[in-house]
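First up is the structure itself, then whatever we jot down about it.
Letters A, B, ... mirror the listed sequences (proteins, then strands); counts begin at 1. Source: prediction; values computed, not measured. The analysis underlying the following values was restricted to heavy atoms, covering all of them including side chains, and did not include hydrogens, waters or symmetry mates.
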Number of protein chains: 2
Amino acid sequence: MSTVRLLVLGVVRARGEAHGYAVHRQLMSWRVDTWTAVKPPSIYHAVKQLDREGKLVTPGLATSPKGPNRVLYRITEEGQREYFALLEAALRSPDIEEFGAGIAFMQSLPRRRVRELLTEQLATTRQIDADLEEMKAQWPDPGAPPHAQHLLELWRGVFRSNAEWAMDMRERLAAGEFCFAED
Amino acid sequence: MSTVRLLVLGVVRARGEAHGYAVHRQLMSWRVDTWTAVKPPSIYHAVKQLDREGKLVTPGLATSPKGPNRVLYRITEEGQREYFALLEAALRSPDIEEFGAGIAFMQSLPRRRVRELLTEQLATTRQIDADLEEMKAQWPDPGAPPHAQHLLELWRGVFRSNAEWAMDMRERLAAGEFCFAED
DNA sequence: GACACACTAGTCAGAGTTGACTAGTGTTGC
DNA sequence: GCAACACTAGTCAACTCTGACTAGTGTGTC
């Protein structure tokens, strides 16, 4: 859920004003359905939810020449706070979908802050890897079902791969790649 | 959902007879919550669902000396068919959680069949990796948000890591590790 | 000019999931 | 001997997600 919320807030914030379908189309043009489980109904649901919570407001209707009228949304102060909270949490998160959504919007933070968050992300990911390693040692029988030991290895591969990616990204930031807020 | 269903059917089948909490405890002893998103209420939900669908039956109550009476479940013919269908689908699935559940029960298939399925799994995983590579080439601007190119790289890492793991497992099977049905 | 087809812009019921809660049963310390 | 705590064995309401569907608007084409 927090992934869709971040994506919706991020798109509305970046565009200034947007209706549901515009958010939907923007996210689909980013192939969000490839790197998260976000699907159209979830997007509309998140928009309504954020509106009810006062994170988005509807300054008016856009009367479109073609198609039905569409409700325009704009981000509020409270929405901005939620956006930055979700963004920082996402860049720290070991969940690959949430993390991906954080990367998508990292440029609304200062470069230095993103590097700090990626460092935290790396520490968490490595800690999980170490925890899984330790957990593995507690199963005495690697040959018997459910092969929990091997399954833990399968997951360790995922976390190690993510850690490598995060390290690479941190180096790119250090090397001055990308443009950031307050650069 | 299919992950929980496979896990529940597999545990009931392996034990012959089981009540909800026994399934729950078995799965938790396997650390299923570490390598899937399966949580207790989902387990109870799946048990009831499978019962309604005739995949499980309740031959009787176990009157326990301590605690409330518990409903015992047993797998039906139809349940067996579902079990094997889910198991084969899981071993072929690129979804790491589903795949993990398949590995947990792979020994109820013949060794040869598991090797075939792992070969299919590898082909699918590599195909996804190739598709992501190709998709990446269609974004012209790697420096601009949402960094979709880099996010695709993040995911490719996951799939490549899974492919390596599957290759390793296939080699273990070829080397005669583990005991299988019909060995 | 009218028919098929694709695109826009969503909605909806039903299914699945979750955090929080309940309620009974040992059991340990004082 | 009893209060506090942990463990057993789940349930529940509220929330979220999903596949399938709707309905209006261009647009090409014969």
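When rounded to the nearest whole Å, the span between NE2 of B:H19 and P of D:dT11 equals 13 Å. One can place CE of A:M1 at 12 Å from P of D:dC15, the figure rounded to the nearest angstrom. Atom P of nucleotide D:dG19 and atom OH of A:Y44 are separated by 16 Å, given to the nearest angstrom. The nearest whole Å value for the distance from the NE2 atom in B:H24 to the C1' atom in D:dT11 is 13 Å. The nearest whole Å value for the distance from the CZ atom in A:R5 to the C1' atom in D:dC17 is 15 Å. If you measure from atom CD1 of B:I43 to atom P of C:dT17, you get 11 Å, rounded to the nearest angstrom. Residue A:Q26 contributes atom CD, which lies 17 Å from atom C1' of C:dA9 at whole-angstrom precision. As rounded to whole Å, 10 Å separates atom P of D:dT16 from atom CG of A:L50.
A:Y21 has no side-chain polar atom (N or O) that falls below the 4.0 Å cut-off from OP1 or OP2 of C:dG10. Dashed line: the shortest gap from a side-chain N or O of B:S42 to OP1 or OP2 of C:dG16 is not under 4.0 Å. Look at B:R25 and you'll find a side-chain N or O under 4.0 angstrom from OP1 or OP2 of D:dA9.
Take A:R74 and apply the salt bridge (Lys or Arg N to Asp or Glu O under 4.0 Å) test, not counting sequence neighbours, and it matches A:E17. With sequence neighbours excluded, the residues that form a side-chain contact (heavy atoms from CB on, under 4.5 Å) with B:S108 are B:R13, B:Y83, B:F84, B:L87, B:F105. Every residue meeting the side-chain contact (heavy atoms from CB on, under 4.5 Å) condition with B:Q107, not counting sequence neighbours, appears here in chain and number order: A:P145, A:H147, B:F178, B:F180. By the salt bridge (Lys or Arg N to Asp or Glu O under 4.0 Å) test, B:R156 is found to be paired with B:D129, B:E133, B:E153, residues two or more places apart in sequence or in another chain being considered. With sequence neighbours left out, B:W165 forms a ring pair (Phe, Tyr, Trp, His ring centres under 6.0 Å) with B:F99. B:E82 meets the salt bridge (Lys or Arg N to Asp or Glu O under 4.0 Å) test with B:R5, B:K55; sequence neighbours excluded. Here B:D51 pairs with B:T58, B:Y73 under the side-chain contact (heavy atoms from CB on, under 4.5 Å) rule; sequence neighbours left out.
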Pick out the pairs of N or O atoms, protein on one side and nucleotides 13-15 of chain C on the other, that lie under 3.5 Å.
none

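Looking at residues 32-41 of chain B, you'll see B:A37, B:K39, B:P41 sit with a heavy atom under 4.0 Å from some atom of DNA chain C. The stretch residues 80-91 of chain A has no heavy atom under 4.0 Å from DNA chain D, so no residue of it qualifies as close.
In this structure, the side chains of A:R160 and B:S161 stay at 4.5 Å or more apart for every pair of heavy atoms.
The list of side chain to side chain donor-acceptor pair (under 3.5 Å) pairs with a residue in residues 24-36 of chain B, not counting sequence neighbours, reads B:R15-B:Q26. Within the structure, side chain to side chain donor-acceptor pair (under 3.5 Å) contacts touching residues 113-123 of chain A (residues at least two apart or in different chains) are A:E88-A:R113, A:R92-A:E120, A:R113-A:E116, A:T119-A:R170, A:Q121-A:T125.
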Query raised in the report: Under the side-chain contact (heavy atoms from CB on, under 4.5 Å) criterion, do A:L50 and A:I75 qualify, and how do the steps go?
Result: CA-CA 9 Å; A:L50 289 164; A:I75 196 165; over 6 Å; no
